[in-house]
Amino acid sequence: MVRRALEEAIHEALKAMGLDLRLKVAKAPKDKPGDYGVPLFALAKELKKPPQAIAQELRERLELPPFVEEAIPVGGYLNFRLKTEALLEEALREKKPFPKREGLVLIEHTSVNPNKELHVGHLRNIALGDSLARILAFAGREVLVLNYIDDTGRQAAETLFALRHYGLTWDGKEKYDHFAGRAYVRLHQDPEYEKLQPGIEAVLHALERGELREEVNRILLAQLATMRALNAHYDLLVWESDIVRAGLLGKALELLEQSPHVLRPREGKYAGALVMDASPFIPGLEDPYFVLVRSGGAATYYAKDIAFQFWKMGLLEGLRFKPYENPYYPGLRTSAPEGEPYTPKARETINVIDVRQSHPQALVRAALALVGRPDLAEGAFHLAYETVLLEGKQMSGRKGLAVSVDEVLEEAKRRALAVVAEKNPEHPDKEEAARMVALGAIRFAMVKTEPRKQIDFRYEEALSFEGDTGPYVQYAHARAHSILRKAGAWGSPDLSQATPYERALALALLDFEEAVLEAAEEKTPHVLAQYLLDLAAAWNAYYNAKEGSRPATPVLTAPPGLRELRLALVQSLQRTLKTGLSLLGIPAPEVM
RNA sequence: GGGCCCGUAGCUCAGCGGACAGAGCAGCCGCCUUCUAAGCGGUAGGUCGGGGGUUCAAAUCCCUCCGGGCCCGCCA
């Protein structure tokens, strides 16, 4: 990578000047000479020289990498102009995944309660988790994606109870998770709700024994259809009832009880309970104690989260897996008592859960440290994203105040279809194009902003196909593809014919790898999404460039040599956009 | 009471120690006899919430105040 090499050269030259310092190379502003530059002000004090003089000296001492045309001192900066041909060669290089590195990263995302259809709140979780999994894999990590099925939770129990209690029969047409979800909402509107608790309890116990698995599975399968439609990928399903039956909780508690920070107070507020003192690991707590096992003997959900985290990181074993029969994900495996033993032993985990779970997630990390594995605590990352509002209002699954993902997908597709039909009546497969564009609009809208910012899901914006959107990037891709399709085969490019237009586009192409690495490092896909918008914009500007009233950058009708150069650039651009979109789980249509 | 996060153009957001603060939407003016106008160019719009501080340099770091969101149960 160009920037890396420059930084390395600068580092060497500075060492020779008596400073072991690494400076960051940035892009030069448009109106300044050169393509990249470094500010040198920080060295002035150390070297007792004005930055301008340092720029001069650095230029003299610098052993320029072969791709640099010249180093230009500009005030306190030293800028670099790349050789055009080297720049183009770099831009034309195919963007391949980074070499594999050691160490498994386990990503848990989705983990939707198997009791009703997915709503737009889940959308952000899935889009973030799935994109991040793809980005990390491209960045060279070994990635395992896990989807947790809370089949012993209250939500699942209530839905199954409601289905039975109201004697509802499925008409065979409605999507099953929607049907089940209606029962759940009805239960919560029932004035008799409080009186129905014993019945719900009974279902809860049956679930813990794993007895109603098929009924839960029926809902899960319907949900998986939606996840498949969102182009989300999973490697493993882990059912909570399997964790219960494998006794992971007990094993986790055994480990925890060896810690001096885990105790059973004899008296006071926590008499009879098993508590954990998290104060050494979480500063500023008013009350340092957290209950793991209630005095009545029941474990808290913290304890279950901790046990599961221990399993993910190989501190516990006991789960078994087998292939999961389903029509959507051929290679998917599921936990099952009769399966083969497997423990991932992840060095790093990423739990994609909204911010409201920050506190419990901190306890999970504290527990790792407390059993003597601060290294694992360090590797346990909580990707905390802010909640999604619906048209400015908080959603509620219980009250049915939410828009389902299926509905959003359908509406997006309907709108996209109208646009395709209008803009491209000759399109050979409008349905498929509409599906891709709809998916692009929705997924992109979910990842283009920083996770820690609350987003408001508004139909008009999320399903917009103009401006800072997925379809904007997809359209840029389709345009490029259209040119390549018409070009047929072409010969070798003549790099020496490049104009400033090719230069600008090539420069934009160089930032791809850095964007991917930063997204992987910071664990946030928005960096890549923002880059793709920039790249698409650079391409659209190139495409539309005019000198006077004439097109400045025609590709197909360009003179020999330049034509091939432009085609090669367009091809690199098209592939880069496609790769980038794929890392966000978004398909790149060839025709729109 | 304790803790976490957010506050940048009318709206939605990038930028998070360096070169005059950038996009999209909305507004206004242009560009289809050009490889898809889902596009492009231009114009207008900003006390980067307020106030202190650190620094050669602050939207970016620290403190403080103000606004908004969230978390802090022997509930899940």
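Chain naming here is simple, since letters A, B, ... match the order of the sequence lines and numbering starts at 1 in each.
Taking the C1' atoms as reference points, G30(B) lies 47 Å from C70(B), given to the whole Å. Comparing the P positions of G52(B) and G10(B) gives an interatomic distance of 23 Å, to the nearest angstrom. For the P atom pair drawn from C6(B) and G22(B), the interatomic distance equals 23 Å after rounding to whole Å. Comparing the same atom, P, in G1(B) and in G18(B) gives a spacing of 37 Å after rounding to whole Å. Taking atom C1' on both C11(B) and A26(B), the two are 7 Å apart, rounded to the nearest angstrom. When the C1' atom is compared between U8(B) and G50(B), the two are found 15 Å apart, to the nearest whole Å.
Both the sub-6.0 Å distance and the 45° axial angle are satisfied by K523(A) relative to the ring of F381(A).
Put simply, CD1 on I455(A) is 8 Å from P on C13(B), counting in whole angstrom units. The separation between R124(A) atom CZ and C70(B) atom C1' is 13 Å, rounded to whole Å. A76(B) atom P lies 13 Å from atom CD of Q197(A), rounded to whole Å. Here C75(B) presents its C1' atom at 13 Å from NE2 of H188(A), a figure rounded to the nearest Å. Here C35(B) presents its P atom at 18 Å from OH of Y501(A), a figure rounded to the nearest Å. Taking atom NE2 of residue H359(A) and atom C1' of nucleotide C75(B), one finds them 15 Å apart after rounding to whole Å. At whole-Å resolution of the value, CD in Q357(A) and P in C70(B) are 15 Å apart. Going from atom CD of E422(A) over to atom P of A38(B) covers 8 Å, rounded to whole Å.
Place S464(A) and P589(A) on RNA chain B by their nearest nucleotides, and S464(A) ends up nearer the 5' end.
Between the side chain of Q309(A) and the main chain of R365(A), no donor-acceptor pair closer than 3.5 Å is present.
On a pure distance criterion of 3.5 Å, no polar donor-acceptor pair joins the side chain of E286(A) and the base of G3(B). Checked by distance alone, N79(A) brings a side-chain donor or acceptor within 3.5 Å of a matching partner on the base of A19(B). Looking at D31(A), its side chain comes within 3.5 Å of the base of C20(B) through a donor and an acceptor atom. A donor N or O paired with an acceptor N or O is found under 3.5 Å between the base of C74(B) and the side-chain atoms of S295(A). Contact annotation: side chain of Y301(A) to base of A76(B), donor-acceptor pair present below 3.5 Å.
C70(B) is paired with G3(B) under the Watson-Crick or G-U wobble criterion, all donor-acceptor distances under 3.5 Å.
Checking H205(A) against R209(A) by side-chain atom types alone, no donor-acceptor pair falls below 3.5 Å. With 3.5 Å as the limit, one finds a donor-acceptor pair spanning the side chains of Y542(A) and R566(A). In this structure, a donor-acceptor pair under 3.5 Å is absent between the side chains of N351(A) and Q357(A). At a cut-off of 3.5 Å, with distance as the only test, no side-chain donor of R452(A) or T524(A) sits close to an acceptor on the other residue.
With G18(B), C74(B), C6(B) as the candidates, the nucleotide lying closest to the side chain of P39(A) is G18(B). Looking at the side chain of E386(A), the nearest of the listed nucleotides G69(B), A14(B), A19(B) is G69(B). Of the listed nucleotides (A76(B), A23(B), U36(B)), U36(B) has the atom at the smallest distance from the side chain of N424(A). Side chain of K453(A), nearest nucleotide from C13(B), U55(B), C74(B): C13(B).
For Y472(A) and F444(A), the ring centers sit 6.0 Å or farther from each other.
Nucleotide C32(B) carries a syn base; the chi torsion (O4'-C1'-N9-C4 or O4'-C1'-N1-C2) is within 90° of 0.
The phosphate of C40(B) (OP1 or OP2) has a side-chain N or O of Y472(A) nearer than 4.0 angstrom. Note on R458(A): every side-chain N or O is 4.0 Å or more away from OP1 and OP2 of C11(B).
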